[in-house]
**Q** 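Sending over a structure as structure tokens; questions will come in a sec.
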There are 2 protein chains.
Amino acid sequence: MAVTIKDVAKRAGVSPATVSRVIADNPRITGKTKEKVREVMKIMGYYPNFQARNLVAKKSQTLGIIMENSATLAFQNPFFPEVLRGISTRAHGSQYGLYLSTGATQEEIYREVVEMAQGKRVDGIILLYSKIGDPVMEYLCQSGIPFAVVGRPFKDPCAVSYVDNDNINNAKEVVEYLVGLGHRHIAFVGGAADFVVSLDRLEGYKLALKQHGIPFDAAYTVNQEFMHGNEREAIRRLMALDIPPTAIVTHDDMVAYEVIGYLEDLEISVPEDVSIIGFNNHAISRHLKPPLSTVDISIYDLGLHAAELVLEKITDESVPPKQVVVPSRLIERGSCRRL
Amino acid sequence: MAVTIKDVAKRAGVSPATVSRVIADNPRITGKTKEKVREVMKIMGYYPNFQARNLVAKKSQTLGIIMENSATLAFQNPFFPEVLRGISTRAHGSQYGLYLSTGATQEEIYREVVEMAQGKRVDGIILLYSKIGDPVMEYLCQSGIPFAVVGRPFKDPCAVSYVDNDNINNAKEVVEYLVGLGHRHIAFVGGAADFVVSLDRLEGYKLALKQHGIPFDAAYTVNQEFMHGNEREAIRRLMALDIPPTAIVTHDDMVAYEVIGYLEDLEISVPEDVSIIGFNNHAISRHLKPPLSTVDISIYDLGLHAAELVLEKITDESVPPKQVVVPSRLIERGSCRRL
DNA sequence: CTGAAAGCGCTTACAG
DNA sequence: CTGAAAGCGCTTACAG
């Protein structure tokens, strides 16, 4: 049996209430009493029981982190560890712990979130993704629990606190950069179609084309669905078009390298034959061949701000929803060439 | 105020004890009563409070995951997300949640672990790394809390449950593979020197050399300490030796690619001039140039088994410590050449 | 400055 | 088959 507040109280010759106050460092307790109690706590190896403490305090000092289907997306790329690092740093700074979702399907995740929230297992929640028609997001909105999203919500974004890059603009700038290099036939390899980030980037892509009088052609776009075993084929098809693209925008550095691999198999070189650009600026991208031009989206900061937003909500429920846009920057390296 | 068991009881016209039994699906409760109570629970949107439930049950249904200094190692490479995915799957299968450490320094981590354990925040702990003279490991050993380690403990390994690859042998086989290709001057780029995995691999490296009558020369080894900004210089020095190595073993695929980058800057090509081999088989490694030969250490399985081990300990404290060795396999790709 | 008492939301012997 | 009561380990008005 672990030592409880009562054991300490008895041994220190005070009441449990006093011990409790010493733990809370209540200023109304004598220095002498505090010292004595602390001494006893140390001797007995006393540690407060979280469950009990949280039960009466009606809080858990814990943030719930909800990630997408663990088997696939979230875990595939370095986004997850990096955003978690940001969250972790901020949470730790405020003495909050992190509780992770473990569900693999949308239904499991939904159930978990409801239990976390209703069961008071967490004080707030960070949703690591934003997708269209997501029941989890809907639940979060109507539940009243403090939460923040990494990624712009699809509907009613002003009603929720979120942090995001300006994805539309990022993609637009990337395309403009390529246009500036003389490219007119630019392909777009995007993420899963039901993620808002994918929509936004596609939108930015279209916007840039339009602005430069380049007609949009769906044949130049490929999305995450292609990632299910027929990536290679999708790229082959792309390059077999009557007018194949001279540049490809991909939504992630690792995907960019995967594409580069397929291109090489087709004896197409980067950047000689095709220019390519990624997103996320993975640590390794500058060391690889070719060094990848990419957009650094400040993943760590996304995490930091997401944590900040929930923490704010937890501290004061009445603060209005807030949106944070984290800056990104285009990093030029060797994977794009002037036509 | 959230709806409690009392609210449900009142509305259903039963006692709180009965509601509690319905939740636990106690067979001594009438089907009719159960139905009625469940109906009311649904109507009122009742969810059991974890804190309260766990307080009396003296358990938390939660596993603590301790990772190394979040800012650096654990988060740098895909090991962390992948091992977490394994843990997550197994934990979820047994209705266990995951609680993550957030500390950045060893002291912070130590404090967190003690609080997690003593404060009954978690029922068991998975330590994601094994290093020499680690106070966290020592605490875990003497605390009596169920735990498992990913990686062989440095001392008294038989006293703790852990899962690991046969790192000594893995490294040995890698070196033997290179020797088999005709290499005699083989360099070793290892991880941080205080990690047991680094020791083991170095040991395997030495073992293989010895077995083939190749003298060990420390000048051919570089360790993680070189990763602090002077990686490039370390590689330059290595290749400037009187007899430069014709092959390099690196402890991680991404490190291998980083090294390859530095070699290229020195106008040394892989595998033409130098062969190189990695560890961990990152998803991207087969798509990169050159496709990397590497050792697949089954990271997902390491996580799965680690979770299995703690869960076992939690279920039955009396089971003796158990060790699981997860198989690895050498994957030949294009980064090594026969001399 | 400190203690006795009530209570956080639940579970579980003990009765009946 | 169900309820009243005690208790998990803590905190916090309320007294004094």
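Predicted model only: the values in this text are computed from it and were never measured. Chain identifiers are assigned alphabetically (A, B, ...) following the order of the sequence lines, protein sequences preceding nucleic acid strands; residue numbering begins at 1 within each chain.
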**Q** Going by atom types only, do B:Y162 and B:R152 share a side-chain donor-acceptor pair under 3.5 Å?
**A**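 Absent: no donor and acceptor within the cut-off.
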**Q** When you look at CD of B:Q106, are more than 12 heavy atoms from neighbouring residues, nucleotides or ligands closer to it than 6.0 Å?
**A**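 Count over threshold, so yes.
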**Q** Within the 4.0 Å heavy-atom criterion, would you say B:S20 contacts the bases, only the backbone, or no part of the nucleic acid?
**A** base
**Q** In whole angstroms, how far is the P atom of D:dG9 from the NZ atom of A:K6?
**A**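 It works out to 8 Å between those atoms.
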**Q** Find which nucleotide of DNA chain D each of A:T4 and B:G13 is nearest to by heavy atoms, and output the residue with the more 5' nucleotide.
**A** B:G13
**Q** As a check on the pairing definition, encode DNA chain D in dot-bracket form, counting Watson-Crick and G-U wobble pairs whose two distances are under 3.5 Å, and using | for partners outside this strand.
**A** |||.||||||||.|||
**Q** Find which nucleotide of DNA chain D each of B:V56 and A:T18 is nearest to by heavy atoms, and output the residue with the more 5' nucleotide.
**A** B:V56
**Q** Report the distance from atom CD of B:Q118 to atom C1' of D:dC10, rounded to the nearest whole Å.
**A** 17 Å
**Q** So, OP1 or OP2 of D:dT2: does either fall under 4.0 Å of a side-chain N or O from B:R28?
**A** no
**Q** Please state whether the phosphate of C:dT11, meaning OP1 or OP2, lies under 4.0 angstrom from any side-chain nitrogen or oxygen of B:R53.
**A**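 For B:R53, the contact criterion (side-chain N or O under 4.0 Å from OP1 or OP2 of C:dT11) is met.
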**Q** Using a 3.5 Å distance criterion without hydrogens, assess whether the side chain of B:S161 forms a donor-acceptor pair with backbone atoms of B:K322.
**A**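 The answer is yes, because a donor-acceptor pair under 3.5 Å joins these two groups.
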**Q** Could you check how far NZ of A:K58 sits from C1' of D:dA13, rounded to whole Å?
**A** 15 Å
**Q** Nearest 0.5 angstrom please: B:K10 NZ to B:M44 CE, how far?
**A**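 Interatomic distance, B:K10 NZ to B:M44 CE, rounded to 0.5 Å: 9.5 Å.
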**Q** In whole angstrom, give the distance that lies between atom CD1 of B:I5 and atom C1' of C:dT12.
**A** 12 Å
**Q** Under 4.0 Å between any heavy atoms, over every strand shown, what does B:V19 touch: base, sugar-phosphate, or nothing? Just pick one.
**A**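 Nothing: the residue B:V19, judged by heavy atoms under 4.0 Å, touches no strand.
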**Q** For B:K34 and D:dT2, give me the distance from atom NZ to atom P, rounded to whole Å.
**A**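 Roughly 10 Å, once rounded to whole Å.
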**Q** Mapping A:A52 and A:A17 onto DNA chain C by nearest heavy atom, which one lands closer to the 5' end?
**A** A:A17
**Q** Counting only side-chain heavy atoms from C-beta out, which of C:dC1, D:dC14, C:dC8 sits nearest to A:T30?
**A**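 Minimum distance to the A:T30 side chain belongs to C:dC1.
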**Q** Distance check needed: C:dG9 C1' versus B:N54 CG, whole Å only.
**A** 12 Å
**Q** Taking atom CD of B:Q95 as the centre, report whether more than 12 heavy atoms of other residues, nucleotides or ligands fall under 6.0 Å from it.
**A**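 Count not over threshold, so no.
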**Q** Could you work out which one of C:dT11, C:dC1, D:dT2 sits closest to the side chain of B:I23?
**A** C:dT11
**Q** So does A:Y300 have more than 12 non-hydrogen atoms from other groups sitting under 6.0 Å from OH?
**A** yes
**Q** Indicate whether OP1 or OP2 belonging to D:dC1 is found under 4.0 Å from a side-chain N or O atom of B:T33.
**A**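 Looking at the OP1 and OP2 atoms of D:dC1, neither is under 4.0 Å from any side-chain N or O of B:T33.
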**Q** Measure from NZ on A:K36 to C1' on C:dT2 and round the result to the nearest Å.
**A**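 One finds 11 Å between C1' of C:dT2 and NZ of A:K36, rounded.
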**Q** Which heavy-atom pair separates B:F50 from A:E115 by the least distance, and what is that distance?
**A**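 Shortest heavy-atom contact: CE1-O, 3.3 Å.
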**Q** In this structure, how many angstroms lie between the P atom of C:dC10 and the CG atom of B:N26, rounded?
**A** 17 Å
**Q** Taking 4.0 Å as the cut-off, does a side-chain nitrogen or oxygen of B:Y46 come that near to OP1 or OP2 on C:dC10?
**A** yes
**Q** Report, as yes or no, whether the 6.0 Å neighbourhood of atom NZ on A:K36 holds more than 12 heavy atoms from other residues, nucleotides or ligands.
**A** yes
